[in-house]
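Note that this is a predicted model, so its numbers are computed, not measured.
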Amino acid sequence: METATTLEMASCSQRQVEAAADPADADGPREVDSTSQQLLPAIEEYPKIWLPRALRQTYIRKVGDTVNLLIPIQGKPKPQTTWTHNGSALDHSRVSVRNGEQDSILFIREAQRADSGCYQLCVQIGGLQATATINIMVIEKPGPPQSIKLVDVWGSNATLEWTPPQDTGNAALLGYTVQKADRKSGLWFTVLERYRRTSCLVSDLIVGNSYAFRVFAENQCGLSETAPVTTDLAYIQKAATAYKTKGFAQRDLSEAPRFTQPLVDCTTITGYDAQLFCCVRASPRPKIIWLKNKMDLQGNPKYRALSHLGVCSLEIRKPSPFDGGIYTCKAINALGEASVDCRVDVKAPH
């Protein structure tokens, strides 16, 4: 289809040259003006630019990166290729261009923010031309916020305010990163990331600690190199609490002795120790007296009496048949007394 169109244009160009001849010389030989042939070359292939998909939107590079754009083109005879930057000629001290038969290459060794802008490629053959526009943005990390201020402190909360950075790094800000540091440890911890506002509330601070805060700006290249720090410390004070004690009546825990576990009758063998147990409850603490057949056993080395936390015990050491009988445990305090009995039988071994 393109070949047919090219032949038609060549035929049209030939007719235009013949029409330019003098009608008076129609019967004689005709000369074709050589200048007209140069102005109207035979175009075999229209000029065209094949712009890669990645370059149809803004092409973003970081400061110091290399820019190397290869743009495929077509056209026969070889077209004339021209690059411009923001409508002006390129600065060849920074930008180099190489034009081939089928492509054009734009190269920047170390991109700077001044290299950002609109680059236009023009491919021309005779009066026909094709153009393509490429938007290049060279970015870097933003500057820090201009200032940060501690506005208020209450409870375990602190309110901060700051102003945006003067230099955004030639890119839109993604937000701010807020950090806190306890004065005791001096370690910084991130509180908020990519926060879009210029004021915030920091909560859950520890009572009794003092905090400093700082804020970083962030864009597509990352966080700013530095961050302003609050000049004032946020001291989290312990809230004063007033305790109200309720009056209460003192409970009288006094009681007369009362046995909660009685003595149990037992049978033992001559020469083997025997123990008697019972439990008593009383307040104030009662006096414990052990009796055998109503005779006080206090001071008798054959018997060992103990009392602890209301548990009363009597150990009969190597009993003989004469140690059998009725044993009594008596508890006495200022409010009264109580007693329990049991029978102990001592048998000879078989």
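Residues Ile289 and Ile332 are in side-chain contact: their nearest non-hydrogen atoms beyond the backbone lie under 4.5 Å apart. Put simply, the side chain of Thr81 does not reach to within 4.5 Å of the side chain of Cys122, judged on heavy atoms. No side-chain heavy atom of Thr84 sits less than 4.5 Å from a side-chain heavy atom of Leu90. Between Pro144 and Pro165 the shortest side-chain heavy-atom distance does not fall below 4.5 Å. Residues Cys342 and Ile326 are not in side-chain contact: their nearest non-hydrogen atoms beyond the backbone lie 4.5 Å or more apart. Inter-residue side-chain proximity for Val280 and Ile288 is flagged as met; some heavy-atom pair is nearer than 4.5 Å. Residues Thr270 and Pro321 have side chains in contact (heavy-atom distance under 4.5 Å, counting atoms from C-beta outward). Residues Glu218 and Phe216 form no side-chain contact, since every pair of their non-hydrogen atoms from C-beta on lies 4.5 Å or further apart.
Put simply, OG1 on Thr177 and CZ on Arg194 are 8.0 Å apart, with the number rounded to the nearest 0.5 Å. One finds the CD atom of Gln220 at 4.5 Å from the CD1 atom of Ile139 (value rounded to the nearest 0.5 Å). Note that the CD1 atom of Ile316 and the CG atom of Asn300 stand 10.5 Å from one another [nearest 0.5 Å]. Separation of atoms CG (Leu121) and OG1 (Thr131) is listed at 8.5 Å; rounding is to 0.5 Å. Remark: Arg258 CZ to Leu335 CG distance equals 13.0 Å, nearest 0.5 Å. Atom CG of Leu314 and atom CG of Leu306 lie 9.0 Å apart (nearest 0.5 Å).
Residues Tyr59 and Trp50 do not share a hydrophobic cluster, clusters being chains of Ile/Leu/Val/Met/Phe/Trp/Tyr side chains in contact below 4.5 Å. The hydrophobic clustering, which links ILVMFWY residues whose side-chain heavy atoms are closer than 4.5 Å, places Leu173 and Leu223 apart. Note on Val67 and Met137: separate hydrophobic clusters, where clusters join Ile, Leu, Val, Met, Phe, Trp and Tyr whose side-chain heavy atoms are under 4.5 Å apart, directly or indirectly. With hydrophobic clusters built from ILVMFWY side chains whose heavy atoms lie under 4.5 angstrom apart, Leu276 does not share a cluster with Val264. The hydrophobic clustering, which links ILVMFWY residues whose side-chain heavy atoms are closer than 4.5 Å, places Ile136 and Leu51 together.
Counting heavy atoms of neighbouring residues, nucleotides and ligands inside a 6.0 Å radius, atom CD of Gln80 does not exceed 12 of them. More than 12 heavy atoms of other residues, nucleotides or ligands lie within 6.0 Å of CD in Gln146, so this atom counts as buried by the packing criterion. The local environment of CG in Asp204 is sparse, with at most 12 non-hydrogen atoms from other residues, nucleotides or ligands closer than 6.0 Å. Atom NZ of Lys330 has 12 or fewer heavy atoms from other residues, nucleotides or ligands within 6.0 Å. Within 6.0 Å of CZ on Arg285 lie no more than 12 heavy atoms contributed by other residues, nucleotides or ligands. The number of heavy-atom neighbours closer than 6.0 Å to CZ of Arg343, taken from other residues, nucleotides and ligands shown, is 12 or below. A 6.0 Å sphere centred on CZ of Arg317 holds more than 12 heavy atoms belonging to other residues, nucleotides or ligands. More than 12 heavy atoms of other residues, nucleotides or ligands shown are found within 6.0 angstrom of CZ on Phe107.
The minimum heavy-atom distance linking Trp162 with Val178 is given by the pair CH2-CG2, 3.9 Å. When all heavy atoms of Pro262 and Cys278 are compared, the pair lying nearest together is C-CB, 4.0 Å. Taking every heavy atom of both residues into account, Ile236 and Ile206 meet most closely at CB-O, 3.4 Å. Here the closest heavy-atom approach between residue Ser339 and residue Thr328 is recorded as CB-CG2, 4.0 Å. Annotation for Gly336 and Pro257: closest pair O-CD, 3.3 Å, computed over non-hydrogen atoms. The two residues Gly169 and Asn219 make their nearest non-hydrogen contact at CA-ND2, 4.0 Å.
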Exercise for review: Test Leu205 against Tyr211 for side-chain contact (heavy atoms from CB on, under 4.5 Å), laying out the working first.
Suggested key: CA-CA 8 Å; Leu205 301 176; Tyr211 291 89; 3.8 Å; yes

Point to revise | Steps toward side-chain contact (heavy atoms from CB on, under 4.5 Å) verdict (Glu225, Lys141) | key: CA-CA 7 Å; Glu225 296 292 345; Lys141 292 182 178 180; 3.3 Å; yes

Review point. Passes side-chain hydrogen bond (donor to acceptor under 3.5 Å, both in side chains), Ser254 versus Ser283? Steps please.
Key: CA-CA 5 Å; Ser254 301; Ser283 180; 4.7 Å; no

Exercise for review: Please lay out, stage by stage, how Leu291 and Leu297 fare under the test side-chain contact (heavy atoms from CB on, under 4.5 Å).
Suggested key: CA-CA 6 Å; Leu291 306 171; Leu297 299 178; 5.8 Å; no

Exercise for review: Decide side-chain contact (heavy atoms from CB on, under 4.5 Å) for Val346 and Ser320; before the verdict, give the C-alpha distance in whole Å, the side-chain angles of both, and the deciding distance to 0.1 Å.
Suggested key: CA-CA 6 Å; Val346 181; Ser320 66; 5.6 Å; no

Point to revise | Trace of the salt bridge (charged side-chain N to carboxylate O under 4.0 Å, His left out) decision for Arg94 with Asp115 | key: CA-CA 9 Å; Arg94 294 195 43 75; Asp115 297 322; 2.6 Å; yes

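Between the side chains of Asn170 and Ser116, at least one donor N or O lies within less than 3.5 Å of an accepting N or O. Between the side chains of Thr66 and Asn68, not a single donor N or O lies within less than 3.5 Å of an accepting N or O. Side-chain contact annotation: Asn99 with Ser104, donor-acceptor N/O pair under 3.5 Å present. One side chain, Asp91 or Ser93, offers a donor N or O that lies under 3.5 Å from an acceptor on the other. In this model, no donor atom of one side chain and acceptor atom of the other lie less than 3.5 Å apart for Asn135 and Thr58. Inspection of the Gln179 and Thr190 side chains reveals an N or O donor paired with an N or O acceptor under 3.5 Å.
Trp83 and Tyr119 have perpendicular rings, their planes meeting at more than 60° on a 0 to 90° scale where under 30° would count as parallel.
For the side-chain hydrogen bond (donor to acceptor under 3.5 Å, both in side chains) criterion with Ser147, the lone passing option out of Thr231, Thr163, Thr230 is Thr163. A salt bridge (Lys or Arg N to Asp or Glu O under 4.0 Å) with Glu140 holds for exactly one of Arg113, Arg61, Lys62; it is Arg113.
By the 4.0 Å N-to-carboxylate-O rule, Lys302 lies close enough to Asp323 to be salt-bridged with it. Look at Asp103 and Arg98 and you find a salt bridge, because one of the NZ, NE, NH1 or NH2 atoms lies within 4.0 Å of a carboxylate O, short of that distance.
Residues Tyr327 and Trp290 keep their aromatic ring centres 6.0 Å or farther apart.
No donor-acceptor pair under 3.5 Å is formed between the side chain of Arg197 and the backbone N or O of Tyr176.
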